[in-house]
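In this chain, numbering begins with 1 at the start of the sequence shown.
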Amino acid sequence: MNILTLVYTISCVICIGYSIPVPVSPTAAASYRLDDVSTNLLFNFISSLYGGEYPGYQFYSSAECDSCKKIVGTIITDAASRKAFDEVLRASFTLVCIGILDIRKYNGKAMCPNITEFYGPIIWYSIVNSEFSAEKVCQYLHICPKQERDVSRIPQTPLESDSLLKNPTPVGLFESDSTGTVIRFVHISDFHLDPNFKEGAPSTCNFFLCCHDTMTGNNPAGMYGAYGCDLPVTTANLVLNHLATLKDIDFVLYGGDNPPHDLWAETYQSQMDIETSVISMFKKHYPNTPFYPVLGNHESYPESEYLQDLYTNLTETLSRLWSPLAPFPASALKTIGHGGYYTLMLKPKLRLICYNSDYGYLLNFYTLLNHKNHAYVEHTKWLQDTLAQAKKNGEKVLLAAHVPPGITTTSEEYGEWFTNITVPYSDIIVGQLFGHTHQDHFKVVQQNGKAVSSVLITPSVTTFPHQNPSFRIYSMNSTTFEIIDYEQHFLNLTKANFLAKQGKTP
């Protein structure tokens with residue numbers, strides 16, 4: 001079966017009322033029918049681009065695996081005669097997307113054209129040029145199990161979660177035998193600022209992100225936001241105002257992801273406009289404290305996609321935008337512009353290393369090409385060399401990135417890559433800090449069944465999909481640089497909106 005027959009027959013089943021410009025015979029069309037399992041798989045795959053639950057991984061379905069292999073196999077076979085993701089495929093896949101979203105009562109007509117425009121060519125290119133079999137692609141995407149599964153040494157489920165709501169008091173992490181003064185720093189992540197947020201707009205609607213006045217639905221959003229929506233400018237300023245009142249903060253580590261989740265409406269310019277807005281807010285509220293950002297998956301255009309050779313304009317722009325936030329050395333600005341990663345000294349003998357975690361994120365479909373990507377090899381060598389030099393110099397290291405290893409939307413290869421690189425340097429790495437999940441949890445890195453280090457994941461400032469705006473303040477021993485404690489700060493969104501209705505400021 002060729003790709004057009006597959007797309008046509010899918011659309012025959014789920015896109016009632018739409019026409020498709022692909023002439024195939026009814027006999028060929030009858031050879032494939034999209035069942036409920038396949039529809040659910042494709043829907044979850046589309047919704048995961050917006051932050052929805054990723055399909056598969058721990059609970060494999062043989063039916064989903066078979067469907068994935070059939071779709072990917074058809075793409076691979078078709079590539080022999082079709083040299084690009086052309087206009088016919090673009091129109092065809094748009095109709096399939098519309099049909100799938102319409103079944104789930106989403107506005108596919110509004111969202112699908114750009115979903116296909118942004119992601120269709122990248123998915124097609126990455127699958128075809130990976131030179132993987134259909135089964136291997138589906139294994140990599142966690143939709144099919146591996147025959148001999150490589151079990152990551154990082155647990156795939158949080159060991160502890162929801163401590164934001166259950167225990168908002170400071171949580172001690174380690175006890176230190178050393179004496180010394182305390183270094184305090186903020187870890188804040190995932191603003192997802194939405195300039196189109198509108199108070200009173202519906203917070204439940206037929207889009208993946210709501211609270212825009214052009215949408216129809218229920219549950220009007222409050223002044224300071226709504227669960228299921230991204231961050232209003234009002235709330236961003238409220239959080240940063242609170243941050244500015246805190247005393248004795250040595251620096252701020254920002255975990256990335258400034259743009260909102262309405263990726264069907266994004267443009268490169270809108271992505272950069274949000275970056276500029278958030279950075280301006282940082283400088284306004286905290287003019288004298290260094291801010292050290294990392295590259296999030298939402299910084300890219302389209303969101304989540306990154307291949308160094310194609311995205312130098314992005315990283316060079318970020319290097320320019322980030323430069324006023326802290327005293328970056330020229331070497332750091334150079335590697336930011338080159339590949340979205342950097343290292344610098346925070347204090348004498350305390351080094352910050354921020355690497356590019358897009359190389360481990362499954363929804364960056366270019367990661368299918370990691371095995372033949374010179375930039376990935378270069379980035380890995382840079383990280384290994386930087387850690388080796390830090391150890392030789394007698395330095396301690398604070399390691400940071402956006403996407404943590406060991407979650408459902410990261411590859412097993414990323415978990416093993418992370419473990420293999422960091423375990424040999426666990427004696428000098430004093431903290432491994434991430435964001436991305438919007439949740440409050442941690443993971444344990446193990447070697448031979450023994451805990452070696454921890455991965456600490458701060459929750460988000462955005463309320464998407466359903467949590468209070470939050471950030472952390474870590475305390476470090478200034479002599480040993482051990483992390484000895486953290487405080488969790490959060491905004492009670494329900495209370496804030498209630499006070500706003502009374503004309504009061506939270």
Side-chain angles (χ1 to χ4, degrees), residues 158-176 182-192 231 235-236 238-258 278 281-282 285-286 289-294 296 325-326 346-347 350 352-354 357 396-405 407 429-444 453-464 466-478 481-493:
L159 297 179
E160 187 65 47
S161 63
D162 300 327
S163 62
L164 168 62
L165 300 179
K166 293 178 181 177
N167 182 15
T169 57
V171 180
L173 297 178
F174 308 104
E175 293 184 2
S176 174
V182 172
I183 297 171
R184 280 163 53 86
F185 69 93
V186 171
H187 189 204
I188 190 168
S189 189
D190 293 87
F191 263 63
H192 293 288
L231 195 71
T235 311
L238 186 68
V239 171
L240 291 173
N241 279 336
H242 172 68
L243 185 62
T245 66
L246 304 175
K247 305 298 182 183
D248 302 321
I249 301 298
D250 291 275
F251 61 91
V252 177
L253 182 63
Y254 181 61
D257 269 15
N258 290 324
V278 174
M281 288 180 173
F282 288 162
H285 291 277
Y286 240 87
T289 302
F291 267 73
Y292 299 104
V294 302
L325 291 175
L346 292 168
K347 306 273 185 183
L350 177 61
L352 173 65
I353 300 177
C354 296
S357 60
K396 297 296 185 182
V397 170
L398 199 59
L399 187 65
H402 180 68
V403 181
I407 62 174
I429 299 175
V430 294
Q432 299 172 134
L433 306 181
F434 297 84
H436 179 68
T437 69
H438 299 195
Q439 300 173 23
D440 172 13
H441 58 131
F442 66 89
K443 295 182 179 292
V444 174
S453 63
S454 60
V455 170
L456 304 175
I457 304 167
T458 195
S460 63
V461 180
T462 185
T463 53
F464 182 91
H466 198 276
Q467 66 284 320
N468 288 316
S470 182
F471 63 87
R472 288 180 180 174
I473 302 176
Y474 285 97
S475 297
M476 301 179 77
N477 183 292
S478 63
F481 301 120
E482 292 174 289
I483 294 179
I484 55 178
D485 207 351
Y486 75 76
E487 305 166 16
Q488 191 90 343
H489 291 240
F490 71 95
L491 172 69
N492 185 322
L493 182 64

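- For the atom pair CG of Leu433 and OG1 of Thr458, the computed distance is 8.5 Å after rounding to the nearest 0.5 Å.
- Listed by chain and number, the residues in a side chain to side chain contact (heavy atoms under 4.5 Å, CB included) with Ser453 are Gln432, Val445 (sequence neighbours excluded).
- The shortest side-chain heavy-atom distance between Ser470 and Asp440 does not fall under the 4.5 Å cut-off.
- Interatomic distance, NE2 of His285 versus OG1 of Thr245, reported as 11.5 Å (0.5 Å rounding).
- Residues passing the side chain to side chain donor-acceptor pair (under 3.5 Å) test with Ser460, sequence neighbours excluded: Gln467.
- Under the side chain to side chain contact (heavy atoms under 4.5 Å, CB included) criterion, Asp250 pairs with Ile183, Arg184, Lys347, not counting sequence neighbours.
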(request) List the steps, then state whether side chain to side chain contact (heavy atoms under 4.5 Å, CB included) holds for Ile407 with Lys443. (result) CA-CA 10 Å; Ile407 62 174; Lys443 295 182 179 292; 3.6 Å; yes
(request) List the steps and the verdict of side chain to side chain contact (heavy atoms under 4.5 Å, CB included) for Val430 and Met476. (result) CA-CA 9 Å; Val430 294; Met476 301 179 77; 3.9 Å; yes
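- In terms of the side chain to side chain donor-acceptor pair (under 3.5 Å) criterion, Thr235 has no residue partners (sequence neighbours excluded).
- Closest heavy-atom contact between Pro459 and Gln488: CG-NE2, 3.1 Å.
- Considering every non-hydrogen atom in both Gly255 and His402, the closest pair reads O-ND1, 2.6 Å.
- Evaluation of the side chain to side chain contact (heavy atoms under 4.5 Å, CB included) rule for Thr289 yields Ile249, Val252, Tyr286 as partners, not counting sequence neighbours.
- Taking CD from Glu482 and NZ from Lys396, the interatomic distance works out to 8.0 Å, rounded to the nearest 0.5 Å.
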(request) Quick one: do His187 and Leu456 satisfy side chain to side chain contact (heavy atoms under 4.5 Å, CB included)? Show the steps, please. (result) CA-CA 10 Å; His187 189 204; Leu456 304 175; over 6 Å; no
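- Using a 4.5 Å cut-off on side-chain heavy atoms (C-beta onward), Val182 and Ile484 make contact.
- The minimum heavy-atom distance between His441 and Thr437, with the atom names listed, is NE2-OG1, 3.0 Å.
- To the nearest 0.5 Å, atom OH of residue Tyr254 and atom OG of residue Ser189 are 6.0 Å apart.
- The shortest heavy-atom contact between Gly435 and Ile457 is O-CG2, 3.5 Å.
- Expressed to the nearest 0.5 Å, how far OH of Tyr474 lies from CZ of Arg472 amounts to 4.0 Å.
- Remark: Val461 engages Ile188, Phe191, Leu231, Val239, Pro469 in a side chain to side chain contact (heavy atoms under 4.5 Å, CB included) (not counting sequence neighbours).
- Between Cys354 and Leu253, the shortest heavy-atom contact is SG-CD1, 4.4 Å.
- Within the 3.5 Å criterion, the main-chain N or O of Leu493 finds a donor-acceptor partner in the side chain of Asn468.
- His438 places no side-chain N or O within donor-acceptor distance of the main-chain N or O of Thr462, the cut-off being under 3.5 Å.
- At a threshold of 4.5 Å between non-hydrogen side-chain atoms, the residues Pro405 and Phe434 count as touching.
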(request) Please step through side chain to side chain contact (heavy atoms under 4.5 Å, CB included) for the pair Leu346 and Tyr292, ending with a clear verdict. (result) CA-CA 10 Å; Leu346 292 168; Tyr292 299 104; 3.4 Å; yes
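- Here the options are Phe282, Phe185, Phe291, the test is ring-ring contact (aromatic ring centres under 6.0 Å, His included), and the partner is Phe251; only Phe185 passes.
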(request) Please test Asp190 against His436 for side chain to side chain donor-acceptor pair (under 3.5 Å), starting from the C-alpha separation and ending with a verdict. (result) CA-CA 6 Å; Asp190 293 87; His436 179 68; 5.1 Å; no
